[in-house]
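Labels below follow one simple rule: chain letters A, B, ... track the order of the sequence lines, proteins then strands, and each chain is numbered from 1.
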Amino acid sequence: MSFTLATWNINSVRLREPLVCQLLEAEGPDVLCLQECKSPVDKIPMERFRELGYQHIVARGQKGYNGVAILSKLPLEDAGDRDFAQLGHARHVAARLENGVTIHNFYVPAGGDKPDREINEKFGQKLDYLTEMRDWFHSERPEKAILVGDLNIAPREDDVWDHKKLLKIVSHTPVEVEHLGEAQEAGAWVDVTRADIPEGNLYSWWSYRSPDWNAADKGRRLDHVWATPDISNAAHGSRILREARGWEKPSDHVPVFATFDL
DNA sequence: ATGGTTGCTATGCAA
């Protein structure tokens with residue numbers, strides 16, 4: 001059995017319902033994980049998604065902020081959620097496919113502007129969120145699992161447009177990279193995208209504030225696909241749909257894909 | 001050091 005999965009920070013699922021449909025029609029992933037839906041679950045426009053064959057939907061939402069959803073052609077069951085760092089935010093949901101694979105969909109806190117928890121509470125919350133992810137994976141020891149989402153950290157030098165310029169910019173500071181690395185290690189998660197594409201710069205996000213995103217290309221790889229070692233060898237075909245950043249009324253993030261042969 | 005843009009929702013906050 002083979003299935004293709006995509007992850008996309010959609011930055012309002014209601015505003016961008018047409019773009020979600022465009023992606024589902026053009027690419028037809030078996031599973032699409034969305035973040036920043038910015039919608040209560042009962043206001044997610046599910047009808048069009050269902051018409052396109054995505055009959056199975058698991059979501060967590062809140063008004064205006066955060067929100068995660070998993071749209072699937074394949075049957076899946078809700079596998080719960082966790083409120084890491086007790087923020088009361090809809091930032092995680094899990095679902096289980098019939099083949100026993102668990103999919104974790106994450107939206108890690110962005111962390112505010114200043115990379116200093118003494119003066120910026122949000123940065124501390126981001127680090128705490130990652131620490132609690134680490135502790136949970138350490139106790140849980142995930143198996144046959146895939147973790148995707150907007151992790152709001154670009155860990156490698158070639159995950160950003162200028163490593164040195166970004167060392168003090170939230171999303172690429174050493175302390176964040178270290179926290180993310182500990183969470184990854186605790187679950188023995190394999191970075192599927194980088195296992196597939198080990199060389200070269202990779203970005204999944206370009207700021208709205210950069211006037212000519214394509215020419216300037218000041219991107220970061222904030223969106224990730226991880227898998228546990230028991231299934232990571234089954235992953236291939238990773239790609240990042242850069243062109244989606246140029247679509248009409250785009251999200252600032254683009255979809256990241258991987259295929260699993262299981 | 002600062003501002004640049006977008007979305008939600010009605011004013012500033014979060015990203």
A.B. asks: Return the CD to CG distance between A:E178 and A:L130, rounded to the nearest 0.5 Å.
C.D. replies: 11.0 Å
A.B. asks: For A:F257, which residues count as a ring-ring contact (aromatic ring centres under 6.0 Å, His included) partner, sequence neighbours excluded?
C.D. replies: none
A.B. asks: A:R209 CZ to B:dG7 C1': how many Å, rounded?
C.D. replies: 12 Å
A.B. asks: Give the rounded distance in Å between these two atoms: CG of A:D252 and C1' of B:dG7.
C.D. replies: 10 Å
A.B. asks: Whole Å only: how far is the CG atom of A:D113 from the C1' atom of B:dC13?
C.D. replies: 11 Å
A.B. asks: If we only count heavy atoms from C-beta on, is the A:H172 to A:R220 side-chain gap below 4.5 Å?
C.D. replies: no
A.B. asks: Taking OP1 and OP2 of B:dC8, is either one under 4.0 Å from a side-chain nitrogen or oxygen of A:K63?
C.D. replies: no
A.B. asks: Roughly how many Å apart are B:dA1 and B:dG12, using the C1' atom of each and rounding to a whole number?
C.D. replies: 23 Å
A.B. asks: B:dA15, B:dT6, B:dC8: which one has an atom nearest the side-chain heavy atoms of A:Y208?
C.D. replies: B:dT6
A.B. asks: Please give me every residue in residues 7-25 of chain A whose heavy atoms get under 4.0 Å of an atom in DNA chain B, ordered by residue number.
C.D. replies: A:N11, A:S12, A:L15, A:R16
A.B. asks: Both A:Y65 and A:K38 contact DNA chain B. Taking the nearest nucleotide for each, which residue is further toward the 5' end?
C.D. replies: A:K38
A.B. asks: How do A:S207 and A:D150 order along DNA chain B: which one's closest nucleotide is nearer the 5' end?
C.D. replies: A:S207
A.B. asks: What's the gap between B:dA10 and B:dA14 when it is taken at their C1' atoms, as a whole Å value?
C.D. replies: 15 Å
A.B. asks: Rounded to whole Å, please give me the gap between CZ in A:F123 and P in B:dA15.
C.D. replies: 14 Å
A.B. asks: Specify the separation, in whole Å, of atom NZ of A:K114 and atom P of B:dC13.
C.D. replies: 15 Å
A.B. asks: What does A:R91 touch in the nucleic acid at a heavy-atom separation under 4.0 angstrom: a base, only the sugar-phosphate, or nothing?
C.D. replies: sugar-phosphate
A.B. asks: Taking only residues two or more places apart in sequence or in another chain, which ones pass side chain to side chain contact (heavy atoms under 4.5 Å, CB included) with A:A234?
C.D. replies: A:L262
A.B. asks: Touch check for A:K249, heavy atoms < 4.0 angstrom, all strands: base, sugar-phosphate only, or nothing?
C.D. replies: sugar-phosphate
A.B. asks: Side-chain donor-acceptor pair under 3.5 Å between A:H236 and A:D261, yes or no?
C.D. replies: yes
A.B. asks: Can any side-chain N or O of A:R134 pair as donor or acceptor with the backbone N or O of A:A186 at less than 3.5 Å?
C.D. replies: no
A.B. asks: Tell me the interatomic distance from A:W205, atom CH2, to B:dA15, atom C1', rounded to whole angstroms.
C.D. replies: 8 Å
A.B. asks: Nearest whole angstrom, please: distance from the C1' of B:dA15 to the CG of A:L87.
C.D. replies: 15 Å
A.B. asks: Between B:dG7 atom C1' and A:N66 atom CG, what is the distance in whole Å?
C.D. replies: 13 Å
A.B. asks: Salt bridge or not for A:D162 and A:K165, using N-O below 4.0 Å?
C.D. replies: yes
